[in-house]
There are 2 protein chains.
Amino acid sequence: MYSMDESCTVYKTIDFISKKWSLLILLEIYKSSEGKKRYSEIKNNLIDITPKVLSARLKELEKEGLITKNIDASSFPVKSEYELTKIGIDFISIIKDIKNWALRWKINNKVCERLDCKNCDL
Amino acid sequence: MYSMDESCTVYKTIDFISKKWSLLILLEIYKSSEGKKRYSEIKNNLIDITPKVLSARLKELEKEGLITKNIDASSFPVKSEYELTKIGIDFISIIKDIKNWALRWKINNKVCERLDCKNCDL
DNA sequence: CCGGATCCTCTGCGATACTG
DNA sequence: CAGTATCGCAGAGGATCCGG
């Protein structure tokens, strides 16, 4: 029986990846060439995300160990960079599987023309 | 760029599987021995789910083609049974991967003792 | 009894404005 | 640039009710 035992790793994992925007944020960071992405880059690419939600998700993903945050305070303005950890990189294959499942079964499949959805190596 | 183009299959898929309870409901149906599960069985096993949300998720999953609904009107009271489709069964492997990812990386791993979380073949 | 629907409350997300 | 602060609303939670 699946109770809501909050100490259950599997349940907690399903719960946090089910939060809106979490998976798309991971994808955004993954798709950067250097493996890093700035706050504003993520925000500009996920055009409908609000700054509050983005901040919250980045903190959750950092806490869960999927990303790390690096602050470059050498120049001004200060820049924040987010990077996938080994754990986060390992999770990308799951997102790839979700994409492949969708393209395998869904009718009238379509990937966004103006995204790199089609061209990215997922 | 990942915009919120609503016609994008991948985006739509990520969006609907990110809804709360969707994955756990699929698991519940999968873990039944005959591959079918009644409304009340799902509700009793996912002890914190409310009937409203369960109804809504079952309709969404049916609409998305992952489950089918069968009404057994031969006996009384009438019973509803939900069953995974081929598409739904194919999705279970993704949930398995999520579980394995969690158990591979998370610290202080723990599966709920009083669930079949530990014993199920995921 | 079973499978929901209904009503109300409350958390989480969205939109906009603003600051160090 | 990288976030907070504030407000409003839709969707999730909780309890109860109802038709077959």
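Numbered from 1 within each chain, the chains take letters A, B, ... in sequence-line order.
Here the options are B:I17, B:L24, B:L23, the test is side chain to side chain contact (heavy atoms under 4.5 Å, CB included), and the partner is B:I95; only B:L23 passes.
For the pair B:I49 CD1 and D:dG13 P, the computed distance is 7 Å after rounding to whole Å. Atom CZ in A:R57 sits about 15 Å away from atom P in D:dG3, given to the nearest Å. To the nearest angstrom, P of D:dA2 lies 13 Å from CG of A:N45. For the pair B:E60 CD and D:dG11 P, the computed distance is 10 Å after rounding to whole Å. For the pair B:D15 CG and C:dG14 C1', the computed distance is 14 Å after rounding to whole Å. Remark: P of C:dC2 and NZ of B:K37 are 16 Å apart, rounded to the nearest angstrom. Following rounding to the nearest Å, A:D48 (CG) and D:dA10 (C1') show an atom-to-atom distance of 16 Å. In this structure, the NZ atom of A:K69 is 12 Å from the C1' atom of D:dC1, given to the nearest Å.
A close approach under 4.0 Å does occur between a side-chain nitrogen or oxygen of B:K20 and OP1 or OP2 of D:dG13. Regarding contacts with the backbone of C:dG4, every side-chain N or O of B:S55 stays at 4.0 angstrom or more from both OP1 and OP2. Distances shorter than 4.0 Å separate some side-chain N or O of A:S80 from OP1 or OP2 on D:dG3. Considering only side-chain N and O atoms, B:K79 lies nowhere under 4.0 angstrom from the phosphate OP1 or OP2 of C:dG4. Not one side-chain nitrogen or oxygen of B:T50 sits closer than 4.0 Å to the OP1 or OP2 atom of D:dG14. Taking only side-chain nitrogens and oxygens, B:Y82 comes nearer than 4.0 Å to OP1 or OP2 of C:dG4.
Using a 4.0 Å cut-off between a side-chain N of Lys or Arg and a carboxylate O of Asp or Glu, A:R57 and A:E60 qualify as a salt bridge.
In this structure, B:P77 reaches the bases: a heavy-atom distance under 4.0 Å links it to at least one base atom across the strands shown.
Positionally, the nearest nucleotide of DNA chain C for A:K19 lies more toward the 5' end than for the other of A:K19 and A:P51.
Counting only heavy atoms from C-beta outward, the side chains of B:L58 and B:Y39 approach each other to under 4.5 Å. Looking only at side-chain heavy atoms (C-beta outward), A:T68 and A:E81 stay at 4.5 Å or farther from each other. A:L46 has its side chain within reach of A:E28: a pair of non-hydrogen atoms, C-beta onward, lies under 4.5 Å apart.
Between the side chain of B:K52 and the base of D:dG13, a donor-acceptor pair under 3.5 Å is found.
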